[in-house]
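Bear in mind that the values here come from a model prediction, so they are computed numbers and not experimental data. One-based numbering along the sequence shown.
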Amino acid sequence: MRHYLYFLAGLLVLVTACRKDKQEGGKLPLSIKGFWPNSGNAGTIVTVSGTGFGATAADNDVKFNGAAAKVVDVRDTVLIVLAPAEGSSGAITVDTRGQKADIGDYTYQALSLHGISPTNGPAGTNVSIRGAGFSSLTAPVKVTINGKEALVTSITDTLLVVAVPDAAGSGKVTVVVDGKTVNGPDFSFQNISGISPVKGGKGTKVTITGEGFSDVAANNLIAFNGKAATVVSAGVNQLVATVPDGVTTGAVTVVVNGQKTVGAVFTVVPPPVLKTVAPLSGPAGADIMITGSYFSSIAGEVTVLFNGKPATIETTADNKLAVKVPVGAGTGTIVVTVNGQQTQGPEFKEQNMGVAQLVPDNGLAGSQIIIKGIGFSTVAGDNNVSFNGIAATVISATDTGLTVQVPAGVTTGAVNVTVNGLGATGPVFKRAGVLTLAGGPSKNDFNFISGLAVDKQGNVYATDGNLVKRSTPAGVVSIFAGQTASGSANGNGTNATFNFPTALTIDGNDNLYVCDRYNNLIRKITPAGDVSTFAVLSFQPLGIAIDGSGTLYVGASYNGVYGLNANGIATRLSNGAYETAAYICIDAAGVVYYAADFNYNTIFRIAGGVRTTFAGSGYGFKDGPVGTALFTQPLGLVIDAASGNMYTTDNNAIRVIADGVVTTVAGTLGGTTPLPGGGYADGAFKVALFSNITAVCMDADGNLYIAERYNKTIRKVFFK
């Protein structure tokens, strides 16, 4: 029992000591951070910030130039006092339990600043300043925030309203009236100077840099285009937030104490898309090329894992990554992560054999390609090669390259190589290339093709002089309608006559519609060859196309595009278009595109009656974004219904417009410049040559047909 009493006595002494320490303000030394206002009349409330104050009002002896002041309230870091009536201008001092400190100089005058609201915000924020003596008798009142002058928008003797200036920064609010100055509290300036990364999606961690944030995470309300985000970490100059689910593209905002700051736009993009990975096997340290989309040109935003082990990233771009196989990769999945968004790729096998590249990566049966890689046998017969499961003949071999003949019946698919029990999967070989369907430089099947169309059976129709000719899928050419001599007679087949038909198009029932240029007519030809007049026009028709609903669009000579109703009545689509619309196509949304005459190297677009430039910025030949790409003569347009890609023939080359970018498909011998005089060669895209392409069409399977004036041919272009 005695021991218990001793324990209680000791505990009482400890509690008493702790209470005494607390009452005496702990062991923190007295330190003054600042005070405001620094002027005013007697009775002005003055707020002093610091540490080490006494626990009660009586523990703090505050004097204004020697005159005792009343302490109204005391907290851990704030002391609130009233300027005494007996005081005068001079120093304010505080004495706390024998610790003394100078607070600063106080001026007795009518000018005083009692408070500001809000105490934080971005440029342009309206700040109300409460006080007294703001009315000026000699000059306008001047207000600065952190030394930068603010625009005063409203003034009374006791209230000012000012707009926070640009790039103000955080600091004192100061008011100057008639040469007298008063300082108020600090204003916390909010600004978002940047975000990184600027694109991504759900789960992306975004770093927001700037100023005026709160170092307490919960006090920062971050949103991506209005969608609230989770704050991961917080500091006064940097915040990190996780992009929320359901985010859409828009500005990043930060709200602190009810004040919103708007930053840069965060662009929402899908997770990375992997198109090819090659090779899919190889030793540690081997170079791997990954192509696709929605990568990043900033290496720090991309991670690549091989079976969970990080790869070394050599180079990175938005559509291509070059990495090295990590040690100990083994066999497992490749995973690419860009800005927190993850995509799984194919399986990779760590071994001393791999297929890296196919040159070319497209072609037709009988073509020769080179398979590049490592670990092959130098004995051709020891290398077993297949194209999408079909065995191929190896012509020659080295340890890093195989020359192979593409087998008959080839279809698009991966190339596989097996050597001495080791198997490697290579890139996809595309059954793609160019074959002559009908005609040729040494034949006389065609003379001057200016329009093409293909029916459901694969028959291709061409306007040639005053004739409409037909080529079967086997390449047999015959006259479908018209006679060599010009005329304007309806009838069946060769009983009908035309006067220089140009473009033609075909509807869902395989009816042809032909621009009979010098007769100013649109003629209709049924599958049985019956020719009739569909529309009588007041202009020469040069281009024609049909949309999904069966509406015809006709291009006029130097007068833009017209729409034709069921009765053949023509209505002009855009009053601002005066080009010759010789080549027309329509997308799934009904938007009309056309290429003009030789005076324009541009593809135009008409939507809602307004004509704009869709692609091309001048004469030349340059791939790239539609706004900077150059065309020589875009003579032919067609849109692939499956992909939405637009194909155009540009003099001696075939080009595609996809995702806002112009790319050359064929006609340059694998380079970037088409041959000036053209040429004539079938085969893979890198070897195919053309001479003066004048017309283009596409069948339901996505095969392209082109007509060439100088080669006197119809060629078929395979993409699948």
Side-chain angles (χ1 to χ4, degrees), residues 197 199-206 242-243 245 247 268-358 361 371-376 383-389 400 402 411-430:
K199 62 182 180 180
K202 175 188 175 183
T204 299
K205 284 186 170 53
V206 176
T242 302
V243 176
D245 190 12
V247 67
V268 176
V269 297
V273 174
L274 274 60
K275 184 178 180 182
T276 63
V277 179
L280 284 173
S281 61
D287 292 321
I288 307 297
M289 186 65 69
I290 303 173
T291 66
S293 53
Y294 306 114
F295 301 154
S296 174
S297 58
I298 302 173
E301 296 181 359
V302 180
T303 59
V304 180
L305 302 179
F306 284 66
N307 196 24
K309 292 183 170 54
T312 301
I313 296 177
E314 298 290 302
T315 61
T316 177
D318 288 338
N319 59 357
K320 186 181 293 184
L321 303 173
V323 303
K324 286 189 179 295
V325 178
V327 175
T331 299
T333 303
I334 294 174
V335 177
V336 177
T337 303
V338 180
N339 293 331
Q341 298 195 96
Q342 186 181 96
T343 296
Q344 287 194 349
E347 183 177 87
F348 181 87
K349 183 184 295 184
E350 186 182 7
Q351 61 180 24
N352 291 321
M353 180 189 170
V355 177
Q357 187 181 14
L358 309 178
D361 66 356
I371 302 174
K372 295 184 177 182
I374 58 172
F376 303 146
N383 303 279
N384 298 311
V385 179
S386 64
F387 286 68
N388 202 23
T400 59
L402 304 174
T411 56
T412 296
V415 171
N416 289 278
V417 179
T418 303
V419 181
N420 298 325
L422 290 180
T425 300
V428 168
F429 178 83
K430 297 180 285 293

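Side chain of Q341 to backbone of V269: a donor-acceptor contact under 3.5 angstrom is found. Distance alone, capped at 3.5 Å, places no donor-acceptor pair between the T316 side chain and the A299 backbone. For Q351 (side chain) and S281 (main-chain N/O), no donor-acceptor pair under 3.5 Å exists by modelled atom type. A donor-acceptor contact shorter than 3.5 Å links the side chain of N388 to the backbone of T412. N307 contributes a side-chain N or O that, together with a main-chain N or O of A329, makes up a donor-acceptor pair within less than 3.5 Å.
Crowding of K430 atom NZ: a count of heavy atoms from other residues, nucleotides or ligands under 6.0 Å exceeding 12.
Expressed to the nearest 0.5 Å, how far CD of E301 lies from CD1 of I313 amounts to 11.0 Å. Between the CG atom of L280 and the CD1 atom of I288 there is a distance of 7.5 Å, given to the nearest 0.5 Å. Here CZ of F295 is found 8.5 Å from OG1 of T343. Values are rounded to the nearest 0.5 Å. Here the OG1 atom belonging to T276 is positioned 8.5 Å from the CD1 atom belonging to I290, to the nearest 0.5 angstrom. Rounding to the nearest 0.5 Å places CG of N416 at 4.0 Å from OG1 of T425.
In this view, K199 and D318 satisfy the salt bridge (charged side-chain N to carboxylate O under 4.0 Å, His left out) rule, not counting sequence neighbours. Evaluation of the ring-ring contact (aromatic ring centres under 6.0 Å, His included) rule for F429 yields F387 as partners, not counting sequence neighbours. For T337, the side chain to side chain contact (heavy atoms under 4.5 Å, CB included) partners two or more places apart in sequence, or in a different chain, are T303, V335, Q342. Residues that satisfy the ring-ring contact (aromatic ring centres under 6.0 Å, His included) test with F376, not counting sequence neighbours, are absent from this structure. Under the salt bridge (charged side-chain N to carboxylate O under 4.0 Å, His left out) criterion, K349 pairs with no residue at all, not counting sequence neighbours.
G345 approaches L274 most closely through the heavy-atom pair CA-CD2, 3.6 Å. In plain terms, the two heavy atoms of V336 and P272 that are nearest each other are O-CG, 3.7 Å. Scanning both residues, A284 and E350, for their nearest heavy atoms gives CB-OE2, 3.6 Å. Closest of all the heavy-atom pairs between P427 and A278 is CG-CB, 3.8 Å. Closest of all the heavy-atom pairs between P310 and P326 is O-CB, 3.3 Å. The two residues P279 and G354 have their closest heavy-atom pair at CB-C, 4.0 Å.
Judged purely by distance below 3.5 Å, without hydrogens or angles, the side chains of S293 and N319 never pair a donor atom with an acceptor atom.
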Please assess F348 against V325 for the test side chain to side chain contact (heavy atoms under 4.5 Å, CB included), listing each intermediate value before the final yes or no. CA-CA 9 Å; F348 181 87; V325 178; 3.5 Å; yes
Tell me, with the steps shown, if N384 and V417 meet side chain to side chain contact (heavy atoms under 4.5 Å, CB included). CA-CA 6 Å; N384 298 311; V417 179; over 6 Å; no
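Residue pairs meeting the salt bridge (Lys or Arg N to Asp or Glu O under 4.0 Å) criterion with at least one member in residues 272-298, sequence neighbours excluded: D287-K324.
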